[in-house]
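A short worksheet on the structure shown next.
Only heavy atoms go into these numbers, but all of them, side chains included; no hydrogens, no water, no symmetry mates.
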Amino acid sequence: MIAFSSHLPYPSTRQPVYGDEVVATSQPLAVSAAMAQLAQGGNAIDAALAAAMALSVVEPTNNGLGGDLFALVWDGSQLHGLNASGWSPQGWTPERFAGRERMPYDGWDSVTIPGQVRGWAALHARFGSRPWASLFEHAEHWARDGFIVPPGVAHKWGLHVERLKNQPGFADTFLPGGRQPQVGERFYNRPLADTLARLAAQGADEFYAGETAQRLLAHAQSHGSAWQASDLRDYQAQWVQPLAQRVWNDCWVHELPPNGQGIAALQAVGMLAARDAELPADVDSAAALHWQIEATKLALADLYPHAGDPASMRIPPADWLDSAYLRQRAALIDPQHAQHPTSGLGGHGTVYLCTADKQGRMVSLIQSNYDGFGSGVVPTGTGVALQNRGAGFTLQPGHANQVGPRKQPFHTIIPGFVTQGSQALMAFGVMGGPIQPQAHVQVLARMLRYGQNPQAALDALRWRIEPGQGVYAEPGFDPTTSAALQALGHQLLPVTDPTMEFGAGQVIWRLPDGGYGAASDGRRDGHAAAR
């Protein structure tokens, strides 16, 4: 068992918390919902679901009932993976989008079937211990009676108003009085409260075949959407086998297989572990960052050309993580020079949470509407903002991620997990769109290779690669470090976009003497709590 350092070397407003049962999320009210479940005898899965439902209300800028979900669950002895990412409508043939340069980013033609509610039901049916309806109590309360808008949510709200204000239903729901809510104001979404009440009473099928489904379909068809009743009714979440990569200290990092991008994080840490003896001793040195950047670039060069719906991928995930292949890719890293690799294979709004209980169960869960409120479409009488995950498809003929009927698009959201030996060690995740596998690499290297406290690993400044461009360094980087990276050949780009994400994470880890530690990223409103 790793005994992490207690040293916190970076400026931070956070301290890790410790207890026998812990929760970490990106919004304080969601922490309260999860802790209430634990206090009433619920388990880690109950707590995670209550938090996820609450987040759909109190952090609408990043997720909602109209989005998707992925989860990793440690049941006390085994790890389980859930892919609850929705598919495209049957009518989404390539011909529907002919003549476009790219997939639509908002409006009904960006909306795939939401998988999140099916994901909640699958988790509860397999692992939940508390009554289904009880999990909705906090979420419904904050939707009906309102919640007070915190700074992080207010900021993200403002970033999406211009893009979405003319989408059908958006202003009526999310711009009360014709403007966004300000910090400290109370926001109500009573149609969403009614939707939650129906789900609590009737179960997940209500969303896919009941009154809510009828409202979604009526709005879709009145706006020319390809959605049909069978697209909703037939969708089911999928239990999948997590992927695993051995790294340092007999630790295995686990991610879900594609259509998500977690496999890229496994490739990158696998490459670094393969050349461990050459890694620099100073975690914050330009040399250490260079190794991580180069490994991540190699992984992303494989990811973007080949990842997509699992049924359409020509190269199985096992080939990506083959030990000989990872050694071959790792050998391409030049410690002295930045490179621009190509693939060696073949031939933007999100919430993350983690929970743990006394019985040893741990949950790593992430859900998202993709970019903020998603498509901006809010069907009448539902209060539900629908995701724009269809924008994740490509129009490139023959690509594994080419748009097509009932396909799952390439996904950015990825929960993570670490085991050591045969025991659970850590549930972790870092939300933030394309940066997620990159941030996983950075946080994992700091914790598992350099032994940093998880809170310190979250506090540290991050870098971000943009394909075909250079490297963005989070504001605040040491000028000496930046100069050293440039000397190695990295093109450091100025951060001029205030919406650019450098990720925000949560971590729970098991302690050698029992119980857990929990850390929460200061880049969001949330925190960790223990009991």
Side-chain angles (χ1 to χ4, degrees), residues 30 33-34 36-37 40-58 63-71 73 75 80-87 111-144 189-220 227-240 353 355 361 363 365 367-369 379-387:
Q37 288 294 324
Q40 295 171 59
N43 63 27
I45 295 82
D46 300 317
L49 286 169
M53 293 168 181
L55 285 166
S56 296
V57 176
V58 301
N63 77 127
L65 272 67
D68 284 346
L69 175 152
F70 294 85
V73 178
D75 66 6
H80 306 264
L82 180 67
N83 181 328
S85 63
W87 58 18
V111 183
T112 50
I113 301 301
Q116 183 170 302
V117 175
R118 283 283 190 220
W120 290 348
L123 288 166
H124 183 261
R126 191 162 186 176
F127 299 112
S129 66
R130 295 267 296 149
W132 168 257
S134 74
L135 305 176
F136 287 82
E137 291 173 357
H138 286 79
E140 184 185 345
H141 164 69
W142 286 316
R144 194 174 307 282
N189 190 341
R190 293 192 175 105
L192 180 59
D194 293 338
T195 299
L196 291 166
R198 290 192 298 272
L199 289 174
Q202 302 174 43
D205 284 347
E206 198 284 327
F207 189 88
Y208 295 91
E211 180 180 339
T212 300
Q214 295 309 310
R215 294 184 180 193
L216 296 174
L217 288 163
H219 195 272
W227 275 34
Q228 298 295 325
S230 59
D231 293 320
L232 269 169
R233 184 183 62 245
D234 295 347
Y235 173 74
Q236 296 292 332
Q238 302 165 301
W239 291 102
V240 297
L353 65 93
T355 61
R361 290 175 287 251
V363 178
L365 184 151
Q367 60 188 33
S368 172
N369 273 8
T380 305
T382 67
V384 175
L386 295 172
Q387 65 185 2

Given the rule in the side-chain contact (heavy atoms from CB on, under 4.5 Å) test, do Phe70 and Ser368 qualify, once you have shown the distances and angles that lead to the verdict?
CA-CA 9 Å; Phe70 294 85; Ser368 172; over 6 Å; no
Report the C-alpha distance between Asp194 and Arg144 in whole Å, list the side-chain angles of each, state the deciding distance to 0.1 Å, and finish with yes or no for side-chain contact (heavy atoms from CB on, under 4.5 Å).
CA-CA 8 Å; Asp194 293 338; Arg144 194 174 307 282; 3.0 Å; yes
Between atom [atom1] of [X] and atom [atom2] of [Y], what is the distance when rounded to the nearest 0.5 Å?
X	Y	atom1	atom2	answer
Asp231	Ile113	CG	CD1	5.0 Å
Asn63	Met53	CG	CE	12.5 Å
Gln40	Ser129	CD	OG	10.5 Å
Arg118	Leu232	CZ	CG	9.0 Å
Asp75	Ile45	CG	CD1	8.0 Å
Gln367	Gln116	CD	CD	3.5 Å

Does any non-hydrogen side-chain atom of [Y] lie less than 4.5 Å from one of [X]?
X	Y	result
Leu123	Leu82	yes
Trp239	Arg126	yes
Gln387	Thr112	yes
Leu196	Leu65	yes
Val57	Leu55	no
Phe207	Trp120	no
Pro379	Leu216	yes

Taking all heavy atoms of [X] and all of [Y], pick out the closest pair and write down the distance.
X	Y	answer
Ala204	Ala121	CB-CB, 3.6 Å
Gly86	Asp68	N-OD1, 3.0 Å
Pro114	Trp227	CD-CH2, 3.6 Å
Ala51	Leu353	CB-CD2, 3.9 Å

Give the C-alpha distance, both sets of side-chain angles, the deciding distance and a yes or no for ring pair (Phe, Tyr, Trp, His ring centres under 6.0 Å) between Trp142 and His138.
CA-CA 6 Å; Trp142 286 316; His138 286 79; 5.4 Å; yes
Between the side chain of Tyr208 and the main-chain N/O of Ala229, is any donor-acceptor distance below 3.5 Å?
no
With distance as the sole test, does His124 use its side chain to make a donor-acceptor pair with the main-chain N or O of Arg130 at under 3.5 Å?
yes
Residues two or more places apart in sequence or in another chain: which of them pass side chain to side chain contact (heavy atoms under 4.5 Å, CB included) with Glu137?
Ser134
Distance-only donor-acceptor check, side chains Arg215 and Thr212, under 3.5 Å
no
Step by step, work out the salt bridge (charged side-chain N to carboxylate O under 4.0 Å, His left out) result for Arg233 and Asp205.
CA-CA 8 Å; Arg233 184 183 62 245; Asp205 284 347; over 6 Å; no
Decide yes or no on side-chain contact (heavy atoms from CB on, under 4.5 Å) for Thr355 and Asp46, but give the supporting numbers first.
CA-CA 9 Å; Thr355 61; Asp46 300 317; over 6 Å; no
